[in-house]
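Remarks on the structure that follows.
Each chain gets a letter, A, B and so on, in the order its sequence line appears, and its residues count up from 1.
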Number of protein chains: 2
Amino acid sequence: MSDNHMIDEIIDKNENLTEKQKLILEAAIESFAEKGYAATSTSEIAKKAGVAEGTIFRHYKTKKDLLLSIVAPMMAKLIAPFVIKDLNKVLNQDFESLEDFLRAMIHNRAEFLNANIPLFKIVLQEIPFQPELQKQFKEHIAIKVYERMEAIINHYQEDGQLIDLPPYQVVRMTASSIFGFLIGRYLLFPELDWDDEQEIEATIQFILHGLAPKEKA
Amino acid sequence: MSDNHMIDEIIDKNENLTEKQKLILEAAIESFAEKGYAATSTSEIAKKAGVAEGTIFRHYKTKKDLLLSIVAPMMAKLIAPFVIKDLNKVLNQDFESLEDFLRAMIHNRAEFLNANIPLFKIVLQEIPFQPELQKQFKEHIAIKVYERMEAIINHYQEDGQLIDLPPYQVVRMTASSIFGFLIGRYLLFPELDWDDEQEIEATIQFILHGLAPKEKA
DNA sequence: AATAAAAGTGAGTGATTACTCACTTTTATT
DNA sequence: AATAAAAGTGAGTAATCACTCACTTTTATT
């Protein structure tokens with residue numbers, strides 16, 4: 001719970017921010033998610049937030065500065081569970097099976113994204129166009145997270161629970177399946193009735209069977 | 001081959017277009033893919049194309065009109081193989097196994113996207129913000145393509161080659177795995193050395209095992 | 001209560017935006 | 001060769017853009 005609701009955490013719980021600054025961030029998140037960063041004007045954000053346009057630039061040097069102050073913490077929180085120090089310990093103690101680990105991970109991150117859909121949209125949309133975000137993505141996700149995942153994958157491979165593919169392929173297939181569900185669920189067809197538990201379970205089973213070790217002949 | 005290189009097909013082979021119009025389309029595709037639609041100005045496109053700005057508006061009523069004239073044919077071509085009349089016949093004759101069908105489909109669409117990366121980027125980036133494109137996507141992909149896929153899935157399910165999940169789940173998992181590969185390959189890490197054949201084969205095996213029928217107890 | 005610092009304001013800045021239009025040049029039609 | 005239609009042009013337009021700054025109001029410090 002304390003992990004969800006980034007908007008709250010970025011905005012409401014942060015006592016360094018003034019009241020007006022919080023209104024600005026809320027308005028910016030809403031507009032960026034809806035129309036995209038480039039198509040949103042600072043005057044529009046000021047109007048929606050109910051502040052003068054000058055107030056935005058009192059707190060953020062540029063419009064891009066405002067974007068980064070929103071997106072950077074979101075990316076950090078998104079990958080936080082994968083870079084905690086004791087991930088391996090948690091793993092060995094609590095998750096005997098790959099299935100349980102996978103289930104816990106998916107539930108955890110799905111809940112997080114569910115609670116932060118507009119921020120998720122902004123991150124997805126702006127990474128291709130913002131070199132600073134690409135740098136963050138590559139340095140943190142592609143390197144730090146990948147290293148952690150690699151260790152976990154090795155663990156379960158040695159354990160005989162996981163097919164002997166290169167770790168990057170295992171990561172790609174797992175990530176594709178999970179993001180495929182999340183994007184369909186929250187971005188493409190949010191208006192449909194979804195049985196989240198059943199969908200997640202089916203996704204887990206798909207991944208597990210897809211990555212099951214080859215049967216010995 | 002004739003199916004690839006949309007840019008050629010939209011532009012060079014289309015004899016309805018004037019020389020300058022072709023230059024405009026080429027420049028627009030390049031800039032839209034690189035910086036995004038909203039962040040690209042018409043003056044910039046004119047400059048890159050080496051034409052007067054007025055020439056753009058002689059052929060396209062608005063900037064959005066220019067975008068749609070690029071993206072709509074791309075979307076149509078992308079889904080073309082799935083809506084041909086005789087897809088089911090082709091299926092029954094040529095693809096005894098789900099594996100062969102899947103392999104042919106992935107190769108075909110991967111080649112197509114590989115030959116049209118900038119257009120692929122534009123489609124992915126602009127769908128969330130352009131209601132006209134969303135409508136096209138839902139009407140053509142989500143309905144027409146899905147219907148075709150449903151029939152194919154039923155066929156292989158009755159054949160005992162495919163797990164008995166709801167077709168939309170089968171589609172989602174298959175599409176996630178394929179797009180996951182393509183996005184990683186061409187958009188996230190195009191600079192890495194990829195063994196395309198091996199990657200595609202691994203992706204096919206992942207999908208096949210993930211969607212294999214449950215063994216009877 | 002006096003002073004300083006921080007927060008907030010909104011009119012104003014030059015640059016840029018998508019788009020127009022009167023005009024010239026090229027191409028097609030007879 | 002004459003005429004019309006289509007293609008191309010670039011200066012001009014009002015609107016909007018991100019951002020500044022002199023000024024007022026609020027908050028913190030002593």
Side-chain angles (χ1 to χ4, degrees), chain A residues 10-71 122 125-126 129-133, chain B residues 10-71 122 125-126 129-133:
Chain A
I10 294 176
I11 297 175
D12 299 325
K13 293 184 185 170
N14 192 335
E15 295 182 2
N16 295 331
L17 303 181
T18 67
E19 228 20 74
K20 304 257 173 183
Q21 206 168 350
K22 291 175 187 177
L23 292 170
I24 290 167
L25 288 173
E26 275 173 21
I29 289 169
E30 203 181 308
S31 290
F32 288 163
E34 193 185 311
K35 316 176 48 182
Y37 166 77
T40 301
S41 71
T42 49
S43 74
E44 192 185 333
I45 294 168
K47 207 172 166 185
K48 179 174 271 177
V51 304
E53 204 173 344
T55 310
I56 294 176
F57 293 97
R58 166 88 34 213
H59 295 288
Y60 305 95
K61 284 204 300 285
T62 64
K63 187 186 162 194
K64 186 159 288 175
D65 215 55
L66 172 60
L67 173 69
L68 294 180
S69 81
I70 288 169
V71 172
I122 298 172
Q125 289 302 326
E126 293 309 324
F129 302 127
Q130 310 295 341
E132 300 95 325
L133 295 182
Chain B
I10 293 177
I11 297 175
D12 299 325
K13 292 184 186 172
N14 191 337
E15 294 183 3
N16 295 332
L17 303 180
T18 67
E19 229 20 74
K20 304 255 172 184
Q21 207 168 351
K22 292 175 186 174
L23 292 170
I24 290 167
L25 288 172
E26 276 172 22
I29 289 169
E30 201 180 310
S31 289
F32 288 162
E34 192 184 313
K35 316 175 49 180
Y37 166 76
T40 301
S41 71
T42 48
S43 74
E44 191 185 334
I45 295 169
K47 206 172 168 185
K48 179 174 273 175
V51 303
E53 205 173 343
T55 310
I56 294 176
F57 293 96
R58 165 91 32 216
H59 295 289
Y60 305 94
K61 284 204 300 285
T62 63
K63 186 186 162 192
K64 186 159 289 176
D65 216 54
L66 172 60
L67 173 69
L68 294 180
S69 82
I70 288 169
V71 172
I122 298 172
Q125 288 302 326
E126 294 308 323
F129 301 128
Q130 309 295 340
E132 301 95 326
L133 295 182

Open item on the list: In whole Å, I'd like the distance from the CG atom of A:Leu17 to the P atom of C:dA6.
Closed with: 16 Å
Open item on the list: Can you tell me how far apart NZ (B:Lys47) and OG (B:Ser41) are? Round to the nearest 0.5 Å.
Closed with: 9.0 Å
Task: Whole-Å gap separating P (C:dA5) and CZ (A:Arg58) - done: 15 Å
TODO: May I have the distance from A:Lys63 (atom NZ) to C:dT17 (atom C1'), rounded to whole angstrom?
DONE: 13 Å
Task: Distance in angstrom units between B:Tyr37 OH and C:dT17 P, rounded - done: 13 Å
Task: N or O in side chain of B:Ser43 less than 4.0 angstrom from C:dT17 OP1/OP2 - done: yes
Open item on the list: Closest approach to the side chain of A:Val51, judged atom by atom: which nucleotide of D:dA18, D:dG10, C:dT9 is it?
Closed with: C:dT9
- [ ] Taking only the side-chain nitrogens and oxygens of B:His59, find out if one of them lies under 4.0 Å from OP1 or OP2 of D:dG8.
- [x] yes
Task: Residue pair B:Thr42 / B:Phe57, side-chain heavy-atom distance below 4.5 Å - done: yes
- [ ] Return the value, rounded to whole Å, for the distance between atom NZ of B:Lys22 and atom C1' of D:dA7.
- [x] 14 Å
Task: 5' precedence on DNA chain C between A:Glu53 and B:Thr40 (nearest-nucleotide basis) - done: A:Glu53
Open item on the list: A:Tyr60 and side-chain contact (heavy atoms from CB on, under 4.5 Å): which single residue from A:Ile70, A:Leu25, A:Thr55, A:Leu68 fits?
Closed with: A:Leu25
Open item on the list: What is the distance, to the nearest angstrom, from the CZ atom on B:Phe57 to the P atom on D:dT13?
Closed with: 17 Å
TODO: State whether B:Lys20 places a side-chain N or O below 4.0 Å from either non-bridging phosphate oxygen (OP1 or OP2) of D:dT9.
DONE: yes
Task: Between D:dT9 (C1') and B:Lys47 (NZ): distance, integer Å - done: 17 Å
Task: Any B:Thr18 side-chain nitrogen or oxygen under 4.0 Å from OP1 or OP2 of D:dA7 - done: no
- [ ] Tell me whether the OP1 or OP2 atom of C:dA18 has a side-chain N or O from B:Thr42 closer than 4.0 Å.
- [x] yes
Task: Pair B:Lys64 + B:Glu132: basic N to acidic O under 4.0 Å - done: no
Task: Side chains of A:Thr18 and A:His59 in contact at under 4.5 Å (non-hydrogen atoms) - done: yes
TODO: Ignoring backbone atoms, establish whether A:Thr55 has a side-chain N or O less than 4.0 Å from OP1 or OP2 of C:dT9.
DONE: yes
- [ ] Using whole Å, report how far CD1 of A:Ile56 lies from P of D:dA18.
- [x] 9 Å
Task: Distance under 6.0 Å and angle within 45° of ring axis: A:Lys63 vs A:Tyr37 - done: yes
TODO: Toss me the dot-bracket line for DNA chain C: Watson-Crick and G-U wobble, both under 3.5 Å, 5' to 3', using | for pairs to another strand and [ ] for crossers.
DONE: ||||||||||||||||||||||||||||||
Task: From OG (A:Ser69) to NZ (A:Lys61), nearest 0.5 Å - done: 11.0 Å
